[in-house]
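As C-alpha cells, the structure follows; a few thoughts come after it.
We count ligands from 1, going down the list as the structure has it; atoms in each ligand are counted the same way. Keep in mind it's a predicted model, so treat the numbers as computed, not measured. Here, residue 1 is the first one in the sequence, and each next residue gets the next number.
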Amino acid sequence: MMDANDVRPVGVFDSGVGGLSVLRCMREELPNEDFLYVADSGYAPYGDKLAEYIEKRAFTITQFLIKEGAKAIVVACNTATAVAIAKLRSAFDIPIIGMEPGVKPAIAATQCKVVGIMATTETLKSEKFRLLVNRFCNDCTIVTQACPGLVEQVERFDLEGKKTCELLKRYVGELLEKGVDIIVLGCTHYPFLSGIIQKIAGNGVKVIDTGVAVAREVRRRLEAAGILDDRLKVGMERFWTSGDLNNVQIIIRQLWKGDAIVRPLPQGQMIVN
Ligand code: DGL
C-alpha cells in the first residue's frame, strides 16, 4: 500500500464528452484530486463499433493516461467498460474503475416491477450486461432500449434541438409503452439529456444516473489503495481529444462550465489497426 496524499492524477476517458457527466460528480466527491480527461471524440460513437475496435481504443488511451502519470483509471463509458474493462484490469496494475447501468438501484426503486434501460447497442448486447441483469432483476421485467444517434447529438452539443427531441420522444416513448416507472441512463452521454428525458417521461417515472455512485466508488478505491490526494488544495483538470480540437474545446467548455484548455491527443494515440 502506498502513502496517502498521492499527488498523481486520476485518468478518465470516454468515447467523447459524455464522461464529463461522471467527471463533474468526481469533482464534487474528490475536490482535491487532479484529473486527466480524454474525450475520444474522433472515434465516437463506440456503441455501434466492433468489440475489438473499442478494446484497442481503451488500451491506447489507458496507456497514454498512465504515461501522463495516472495513478488510477476511470472508464467513464458504459460501452468501453462492458467491452474492455476485464482485459484492461488484467493488463494494467493500477485501480481501474468502470461504469455499469444502474440496474440494482432501479430494481430497488421500482413499484410496478418494470424497469427501462437506455444504453448503446454494444452495452446492451454485452455479456457483462446480461450477467448484471441476471444477478439483480429478481421478479422484475427489464426493458432495454438501444438509442442510436443520441451520443452523436450530445457530441454536437445539440441537447434540445428538433432531432434530439424526436429521438428522445421515440426512445422514451417505447419504454413508456411497456409500462416502466424507472428509466436508467446506461450511457454517460445521456445525463446531459436528463431534463428532457424526465419531461417526456413525466413525474411518475424516476430517471436514474450512476455518476454519483461511481464517484463514491472511486473515492473508496483510492482510499483502499492508499492513493487518495488529501492535500488542502483545489484539484485541476487537463483535457485531451482525438476529435476536432476547436469544436471539442467549445463543447467541453459548455458542458464543463469552466475554462477548459483542450489539447490534441498525440498522433501515436490516434491509430486503430
Ligand atoms: N458515453 C458512452 C457510454 O457510456 C457512449 C458510447 C458511445 O460512444 O457510443 O456508453
Exercise. Counting heavy atoms only, which part of Ser15 comes closer than 4.0 Å to ligand 1: side chain, backbone, both or neither?
Worked result: side chain
Exercise. What part of Thr188 sits under 4.0 Å from ligand 1 if we count only heavy atoms: the side chain, the backbone, both or neither?
Worked result: both
Problem set entry | Nearest protein heavy atom with distance in Å, relative to atom 6 (C) of ligand 1 | Thr79 OG1, 3.3 Å
Seminar exercise, completed: Sorted by chain and number, sequence neighbours left out, side-chain hydrogen bond (donor to acceptor under 3.5 Å, both in side chains) with Thr62 holds for none
Exercise. Where does the angle between the aromatic ring planes of Phe59 and Phe92 fall among parallel (under 30°), tilted (30 to 60°) and perpendicular (over 60°)?
Worked result: tilted
Problem set entry | Cationic N near anionic O, under 4.0 Å, Lys87 to Glu55 | yes
Exercise. Any N/O of Asp48 closer than 3.5 Å to an N/O of ligand 1?
Worked result: no
Seminar exercise, completed: Numbered in order shown, the ligand 1 atoms found under 4.0 Å of a heavy atom of Asp14 are 1 (N), 2 (C)
Exercise. What are the atoms of ligand 1, with element, lying closer than 4.0 Å to any heavy atom of Val151?
Worked result: 5 (C), 7 (C), 8 (O), 9 (O)
Exercise. Should the pair Arg238-Glu68 be classified as a salt bridge under the 4.0 Å nitrogen-to-oxygen rule?
Worked result: yes
Problem set entry | ligand 1 atoms in contact with Pro45 (distance to a heavy atom under 4.0 Å) | 7 (C), 8 (O), 9 (O)
For this session: Mark up the atoms of ligand 1 that fall under 4.0 Å of a heavy atom belonging to Thr120, in ascending order.
Result: 6 (C), 9 (O), 10 (O)
For this session: Nearest 0.5 Å please: distance from the CD1 atom of Ile183 over to the OH atom of Tyr171.
Result: 14.0 Å
For this session: Check whether the ring centres of Trp240 and Phe64 lie less than 6.0 Å apart, and answer yes or no.
Result: yes
Exercise. Heavy atom under 4.0 Å from ligand 1: found in Asn78's side chain, backbone, both, or neither?
Worked result: both
Exercise. What residue and heavy atom of the protein are closest to atom 7 (C) of ligand 1, and at what distance?
Worked result: Tyr46 N, 3.1 Å
Exercise. Could Arg156 and Glu152 be called an ion pair, given the rule that one side-chain N must be under 4.0 Å from one carboxylate O?
Worked result: no
For this session: Could you tell me whether Glu217 and Arg220 have a side-chain N and a carboxylate O separated by less than 4.0 Å?
Result: yes
Exercise. Considering only the protein, which heavy-atom contact is closest to atom 9 (O) of ligand 1, and what is its distance?
Worked result: Gly47 N, 2.7 Å
